[in-house]
Structures are given as C-alpha cells and as structure tokens.
Amino acid sequence: PANGPFYPKTYVNSAGQTVATDGNPFNVRIRLTPGGARTNGQESLQTRYLLGAEGVLGGWDYNTAYARSVSQNTQTLTNGYYDRNLLLAAFKTGKINPFGAQTAEGMALMDAAERNIDGRKGKSVTDTFDFRLSKEIMQTAAGAVGMATGLEWRREHLEDNSSDEILAGTIFSTSKSRRVDESRQIKALFAEFEVPLTKELSSQLAMRHDAYGGNIGSSTNPKIALRYQPSKDWLFRASYGTGFRAPTMKDLDPSSVETSTGGLYFDTIGCKKYNSQCYSDQIPTTESGNPNLKPEKSKQFSLGFVWEPNANFSATIDYWSVRKTDVIKFAPETLIDTDPEYVEKFITRDADGFITNWALTAQNQGKEVKSGIDISLLHRLSLGSYGKLSTRLNGTLMTRSEQQFAASSKVFDNLGKWGFEYVTPKWRHRFSVDWDHGPWGFTLANTFQLHHEDQQPDPQGRRPEVESYSLWDVQ
C-alpha cells in the first residue's frame, strides 16, 4: 500500500525513465527468495505380481502368464509454496518488503502463508494376460518351418488426484489439473513364422493386430526379415516393419493445466506487430490433452552384416532408418523462438498485444525421421601368462535427423545442431580396453559425443559451438 514503509517514491519504467509513483498502485513481480527455493518431495511405491506356466499342449509348447503392476506416487510441497490469498493479504499490510531484506515481522507473515501439504497423489494399475504357442509345423529341404502365435489382453487404470487447494488454484506456482479416474482395455493377436528358403537363406514373417476401441481404433503391423549366411565368416541381414503407438490416457485427457514456460522467451511477433513485450519473460500457458489424437505410426528398415573371420575378431555394421508420422507430443517451449508464426495460431493477447495465454495442446506432429549407421568392433588378444586383452568400439554415425511439429509447420534439421526441441550429435561412441588376469581386472573406457551448434545465438546472430564431450573412465 502507498502508506507502507517500503512503498517507493519513484521507479524506472521500461524506457529507462525515472517516474514518480505519486501514491498510485502498480504491479510488482518478485521471487520470494527469503522463503528459499521451491522443493518437492516424492514418495513412490512399486509392486508387481506375476503368475505363469509353461509346458506342452497337443504337441505345441505353450507359455502363459498373468501380471499385475501397481505404481503409487505422492508429491509433497515441502518448501517455497504459498497460499495465494494469505500471501496477498500479507502484502496488503505493507510489512513485506518486495525490494529487499525482510524484517522479522515480514518473515513471520510470509511463513504463515506457506503451505507444506501433499499436493498430488497418483496411482496406475496394469493387468496383463498373455498366452503363446510355438512349434515346428513342417519340414522342408532347407530345414524346419517354425511358428509362434498368441494373444494378449491388457487393462490400464489411471488415477490422478490433486489436493483441493491446488484444484482451486489457491497455491502459487502449482498447476491446476482435474482429478482423473479412467480405464481402458487393449486386445492383441500376433503370429510369427521362421521359414528357411535355402540352407544359407532364411526369412522371418510376423504380424500383430492391436485393438483399442473408441477413437483410437485398431492397427495391424507386419514385419519381414531376411538372414543370409553364405559362410561361417559372413552374415548379412535386412528387415522392414511398421509400428503403432496409441496415445496414453493422459494424452487424451482434455482437462487444462494452467502454468507458464520454464524459460524466458522473447515475443518476436508481439514486439514487432504491437510494440509490446519487447523483452524476454516467462509466458503464461495452458496445457491440455487432446481426445481427438490419432495413433502414432512408424516404418523401420535396417540392412547390415557381421564379419567374424576368427574367434578373436568381429565387425558389425548396420544401417537403419526410422520414419514416424503423427508423432504424439506437446509443443516444446522453444518453438516460440524457432517458429513464432506457427505458435501465433495458439496465442491469446490482450488489447495491448501482451500474451495472456499460449494453448499447449497435445498434437500429432507432422513427422520425425532418423537414420544412422551402428558400428561394433571387437578384438581379443591373448597375453599368455599375463592374461587377455579385449578391445571394443560401439558407435553410431547419424546420417539424418529431422523433426516437424505439425504438417503446416517448418521441418527442422537437428543433425549436429539445435532444431526446435533437441540436438542429435553426428557421432557418439563408447571405446573400452579390458584386461583380465585371474581375479584381477582393469578397464579403460572412453565415452565420446561430437560437437554441435548450440540453441541460442550470440549477439551477432551466430550459433556458438558446443565442444565435443569426452569422458575417460578407469576401473
């Protein structure tokens, strides 16, 4: 209040001008540093029950099991969370200093407004039953044809309960979300055949059908793989398949959660078009699921070989490619920096052009494409009475990494540089040398990741380079 001991006579506005307050009200935004950092406590309890059986039934090998998994979690507000009404009432007394250190009386008022409670309790239960059969169903000149088939049933149940105070939005820095108590059932059928074509060439044919019901529907996904071994030293392999991932119950939940961005972001369009918010700040957001989400789909391909000329050396090289469509994700915060025109479709502004809300809704992305080459080398060396030495290199050379948030947004190249959500290093590996001699052992290992361009440009608009990461480990 204007008659309080900490009310200033003047302040400096955004234009750098010193302006008299003249007893007028104005907004103050502060960090409640005297109260300490906001901290949360987590208590989790995980239980799992499994009952299974296996044997032979009518000439078929069978394997069946029932499993029940229960996960319970309690999130506690342990420090730095304040009741909105109590804190505002404390400020209105004029005894809290928003510009500096607190008096004992001011700290007592802040402490009285703090809330340390169980803020959120969640529980998820998954019941699963499966039954599988397998046998060799026929003989050919090239070998036996194997078959495996089965079914799976799964029930998912989710409970998410926030406290009454959080639901009412009376505690600062917490996200409002409705209470959830939902279940669904999933059924699946699958079959797989191992078919030898010649003595050197064999194939694998597989099919899986998942049924979720409702808006998600069902999906059938095949896989085919070939394995060719012309000699003991060489093995060639290739595979192709499709995939399917249904949205989770939280993804489909349409209820809104009021929060704000974790980082500070510059409102490019607001500053240019409305001359407002020409500074970096947290942006108010509303996060919600989307009951109209489609399943995520993928196509995978791999091609490679294994060369093992002797028992002491082997080399494996595999090229792989994964293409996802309708990827289920929430818009990342960084999208407002990298594609502000697209984000503007989901922005609400006041009459002065300031952002009042950014609607972050779960969406099906346009696409996500990745490809690379996996390399694995192994060499063993006998040192006679001094033991043996093993040298290993496992690395991945990425050849492509692209991401698109929606069909109408930009396609970002994440390979060796920051796109809009993450960076994909062009090369990473783990190299190790192991020496073994009876009860003694020694390992020297290196974990390496190639340099990449950083997310934020420097004042000249250039993206600085993050140096390569290299970690040596001796055991």
Side-chain angles (χ1 to χ4, degrees), residues 40-76 118 120-137 144-162 179-194 204-225 227 239 241-253 289 293 295-298 300 302 322 324 328 394:
N40 299 83
Q42 296 278 354
E43 182 177 335
S44 298
L45 176 63
Q46 312 282 339
T47 56
R48 186 169 187 266
Y49 307 94
L50 177 64
L51 177 65
E54 59 182 23
V56 179
L57 182 66
W60 291 77
D61 295 325
Y62 74 86
N63 184 303
T64 184
Y66 166 76
R68 182 179 178 86
S69 300
V70 182
S71 175
Q72 301 178 78
N73 182 275
T74 300
Q75 183 186 75
T76 305
D118 289 344
R120 190 173 182 181
K121 294 185 177 182
K123 181 179 180 181
S124 65
V125 180
T126 302
D127 294 288
T128 305
F129 171 78
D130 63 58
F131 184 79
R132 304 165 189 265
L133 294 170
S134 63
K135 69 175 294 187
E136 293 181 353
I137 58 174
V145 176
M147 175 183 176
T149 186
L151 58 86
E152 181 180 309
W153 171 86
R154 188 168 74 252
R155 178 182 179 272
E156 299 174 350
H157 179 72
L158 176 66
E159 298 177 17
D160 189 356
N161 298 303
S162 295
R179 292 189 171 117
V180 177
D181 188 351
E182 298 178 353
S183 299
R184 69 180 180 187
Q185 295 186 28
I186 303 100
K187 306 176 186 70
L189 297 172
F190 53 88
E192 181 179 334
F193 295 88
E194 189 77 30
Q204 181 189 57
L205 305 172
M207 187 81 72
R208 181 182 175 95
H209 177 80
D210 293 88
Y212 280 76
N215 292 333
I216 300 175
S218 60
S219 177
T220 302
N221 294 283
K223 177 186 176 183
I224 181 171
R227 184 180 187 274
S239 68
T242 64
F244 164 90
R245 187 179 79 84
T248 67
M249 286 185 284
K250 288 295 289 183
D251 292 333
L252 297 167
D253 181 9
L293 286 174
E296 191 175 293
K297 297 180 180 180
S298 65
Q300 306 91 30
S302 67
V322 179
K324 296 181 181 180
I328 301 169
N394 292 297

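Side-chain contact check for Lys250 versus Leu158: some heavy-atom pair is nearer than 4.5 Å. Residues Glu194 and Val145 fail the side-chain proximity criterion, which asks for heavy atoms closer than 4.5 Å. A 4.5 Å side-chain heavy-atom check between Arg68 and Val125 finds at least one atom pair inside the cut-off. Lys324 places none of its side-chain heavy atoms less than 4.5 Å from the side chain of Lys297. Inter-residue side-chain proximity for Pro222 and Thr242 is flagged as met; some heavy-atom pair is nearer than 4.5 Å.
A distance of 8.5 Å separates CG in Asn40 from OG1 in Thr76, rounded to the nearest 0.5 Å. Interatomic distance, OG of Ser183 versus CG of Asp127, reported as 9.5 Å (0.5 Å rounding). How far OG of Ser71 is from CG of Leu45: 8.0 Å, rounded to the nearest 0.5 Å. Taken to the nearest 0.5 Å, the CD atom of Gln72 stands 10.0 Å off from the NZ atom of Lys121. To the nearest 0.5 angstrom, His157 atom NE2 is 12.5 Å from Gln185 atom CD. For the atom pair Asp253 CG and Thr248 OG1, the distance stands at 9.5 Å (nearest 0.5 Å).
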Discussion item. Using the rule given for side-chain contact (heavy atoms from CB on, under 4.5 Å), can you reason through Lys123 versus Val70, listing the C-alpha separation, both sets of side-chain angles and the distance that settles it, and then say yes or no?
Written reply: CA-CA 7 Å; Lys123 181 179 180 181; Val70 182; 3.9 Å; yes
Fill in: Test log, rule side-chain contact (heavy atoms from CB on, under 4.5 Å), inputs Arg155 and Thr128
CA-CA 7 Å; Arg155 178 182 179 272; Thr128 305; over 6 Å; no
Practice prompt. Assess whether side-chain contact (heavy atoms from CB on, under 4.5 Å) is satisfied between Ser298 and Gln300, documenting all intermediate values.
Written response: CA-CA 7 Å; Ser298 65; Gln300 306 91 30; 2.4 Å; yes
Discussion item. For Ser219 and Asp210: C-alpha separation, side-chain torsions, deciding distance, then whether side-chain hydrogen bond (donor to acceptor under 3.5 Å, both in side chains) applies.
Written reply: CA-CA 5 Å; Ser219 177; Asp210 293 88; over 6 Å; no
Discussion item. Run Ser162 and Asp160 through side-chain hydrogen bond (donor to acceptor under 3.5 Å, both in side chains) and show every step you take.
Written reply: CA-CA 7 Å; Ser162 295; Asp160 189 356; 4.8 Å; no
Item to complete: Please step through side-chain contact (heavy atoms from CB on, under 4.5 Å) for the pair Met249 and Arg184, ending with a clear verdict.
Response: CA-CA 8 Å; Met249 286 185 284; Arg184 69 180 180 187; 4.1 Å; yes
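In this structure, Ala246 and Ile328 approach most closely via the heavy-atom pair C-CD1, 4.3 Å. Val180 and Asn161 get closest at one heavy-atom pair: O-OD1, 4.4 Å. Residues Pro295 and Pro247 approach most closely at CA-CD, 4.0 Å, considering heavy atoms.
Among residues two or more places apart in sequence or in another chain, the side-chain hydrogen bond (donor to acceptor under 3.5 Å, both in side chains) test is passed with Ser124 by none. Among residues two or more places apart in sequence or in another chain, the side-chain hydrogen bond (donor to acceptor under 3.5 Å, both in side chains) test is passed with Glu152 by Arg154. Under the side chain to side chain contact (heavy atoms under 4.5 Å, CB included) criterion, Asn215 pairs with no residue at all, not counting sequence neighbours. His209 pairs by the side-chain hydrogen bond (donor to acceptor under 3.5 Å, both in side chains) definition with Thr220, not counting sequence neighbours. Listed by chain and residue number, Tyr212 satisfy the ring pair (Phe, Tyr, Trp, His ring centres under 6.0 Å) test with Phe244 (two or more places apart in sequence, or in another chain).
For Glu43 and Thr74, the side-chain atoms include no donor-acceptor pair closer than 3.5 Å. When only modelled atom types and interatomic distance are considered, Ser239 and Ser302 share a side-chain donor-acceptor pair under 3.5 Å.
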Ignoring hydrogens and angles, write down the donor-acceptor pairs under 3.5 Å from the side chains of residues 51-65, residues two or more places apart or on other chains.
unit_1 : atom_1 : unit_2 : atom_2 : d
Glu54  : OE1    : Asn63  : ND2    : 3.4
Thr64  : OG1    : Asp130 : O      : 2.8

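Remark: Glu296 engages Arg245 in a salt bridge, criterion side-chain N to carboxylate O under 4.0 Å. A salt bridge does not link Asp118 to Arg120: none of the charged nitrogens lies less than 4.0 Å from a carboxylate oxygen.
The main-chain N or O of Phe190 is found under 3.5 Å from a side-chain atom of Thr149 such that the two form a donor-acceptor pair.
More than 12 heavy atoms of other residues, nucleotides or ligands sit less than 6.0 Å from atom NZ of Lys135.
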